Every structure is written in structure tokens, then in C-alpha cells.
Amino acid sequence: FQRMQASKSGGAGSSLQNSKGNASKALTIQEYKRRLRDNIRSLNDNFVNLISAAKISQEDAVHKCPNGRMAEHKTTQYEMRVRAALIVRACDELSKLTNDLKEFLILHDFNFLTEAIAKAESDCDEKLKVQLKKHNDLRIDIAKIVFDVDKELQEHFSLRP
């Protein structure tokens, strides 16, 4: 009788432990997604700001004074260095994230990730079907409108010999 209770409690504990493991895996994946999103956003923002800083402004007040031009040049130069350093940092973080993902895949449950990927793919397929239906409906509506416009033009503005 004691062995049966021990095996029952062990089974309940393992299912609780399994659900905790899945929850921690889900949190880890959410953290990886957040890191990816933040680093990509940093890359994009800094690249856009780097390009906009490279533009030459033609403000008369700044260009009349040589000291103003030099100050603007140095300010822009430092800003571009900082932006470039932030881009390198984001790339380094993405590299670390890649290594963390590899480690996670090696050390953790492959089935969990496979199921998560399959679910994401099915969600994407559903969204694609909805968007294709919307696209086809719009295409049909536009074709009807074009047909009606052509018909009106032909009836009212056609050149008759």
C-alpha cells in the first residue's frame, strides 16, 4: 500500500514538474523573442539615425561661422561613432542570442520547440488564408468596378462611326 501511494505521488509530482518545465521553457522562449525584437529595433533605429546624421544640412546660420561648421561636424562625427558602436553592440547581442538558442536546443526538449514551431506555422497559415480571402474579395470588387466604369464609358462616351 505504501509503494502504491509513493508511485501515485511521484506521478503527480512529475506531471507538476513537467508543467513547470514547460512554463519555464515558454518564458525562456518569450525572453529570446524579446531580445531578438529589441536588438533588431536597435539595429534599425541606429541605422536610420546614422543615415540621417550623414545628411548635410544647408542652414545659413551654421555655415556662416567656421566655428559653427566645425562644431556641427564634430557633433555629427561623435553621434555617428556612438550610433555605429550601438549597431555593433546590437549585432554582438544577436550573436550571443544565437549561441543561447543553440545551447537551448541542445540542452532542452526538442519536441517542445517542434510543437511551438508547428503551432506558429499553423497560425501563420491561417492568417495567410484570411489575407488571401480578403485579397481575392478586393480583387473581385475592383474587377466589378472596372467593368462598370468601362460599360459606362462605352455607353455614354463611345465614338460611333
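Computed from a prediction, not measured in an experiment: that's the story for all the values here.
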Atom pair CD/CD of Glu72 and Glu79 - distance to nearest 0.5 Å
10.5 Å
Side-chain heavy atoms under 4.5 angstrom apart, residues restricted to Ile, Leu, Val, Met, Phe, Trp, Tyr: same cluster for Ile87 and Met80?
yes
Identify whether Ile145 and Leu153 are in the same connected component of the hydrophobic contact network (ILVMFWY, side-chain heavy atoms under 4.5 Å).
yes
So the ring pair (Phe, Tyr, Trp, His ring centres under 6.0 Å) pairs with at least one residue in residues 24-50 (sequence neighbours excluded) are Tyr32-Phe104
To which residues is Ile142 joined in a hydrophobic cluster, defined by side-chain heavy-atom contacts under 4.5 Å among Ile, Leu, Val, Met, Phe, Trp and Tyr, whether direct or through other members?
Val146
Report yes or no: does Ser95 contribute a side-chain atom to a donor-acceptor pair with the main-chain N or O of Cys91 at less than 3.5 Å?
no
Is the backbone N or O of Asp38 less than 3.5 Å from a side-chain atom of Ser42, with the two atoms forming a donor-acceptor pair by type?
no
Derivation of the salt bridge (charged side-chain N to carboxylate O under 4.0 Å, His left out) call for Asp45 and Arg41:
CA-CA 6 Å; Asp45 292 345; Arg41 185 180 307 123; 5.4 Å; no
Measure the CD-CG distance between Glu93 and Asn39 for me, rounded to the nearest 0.5 Å.
5.5 Å
Working to the nearest 0.5 Å, report the span between NZ of Lys133 and CD of Gln131.
12.0 Å
Give a yes or no on whether a salt bridge exists between Asp100 and Arg35, defined as a side-chain N under 4.0 angstrom from a carboxylate O.
yes
Atom CG of Asn46 and atom CZ of Arg89: how far apart are they, to the nearest 0.5 Å?
10.0 Å
For the pair Lys127 and Asp123, find out whether any cationic side-chain nitrogen is under 4.0 Å from an anionic carboxylate oxygen.
no
Can you list everything that forms a side chain to side chain contact (heavy atoms under 4.5 Å, CB included) with Ile40? Sequence neighbours excluded, please.
Leu36, Leu43, Asn44, Leu94
4.5 Å side-chain heavy-atom contact, Asn99 and Glu103:
no
Basic-acidic side-chain contact under 4.0 Å: Asp148, Lys144:
no
Working to the nearest 0.5 angstrom, can you tell me the gap between Arg81 CZ and Thr76 OG1?
12.0 Å
Enter the distance from Leu97:CG to Lys33:NZ here, rounded to the nearest 0.5 Å.
12.5 Å
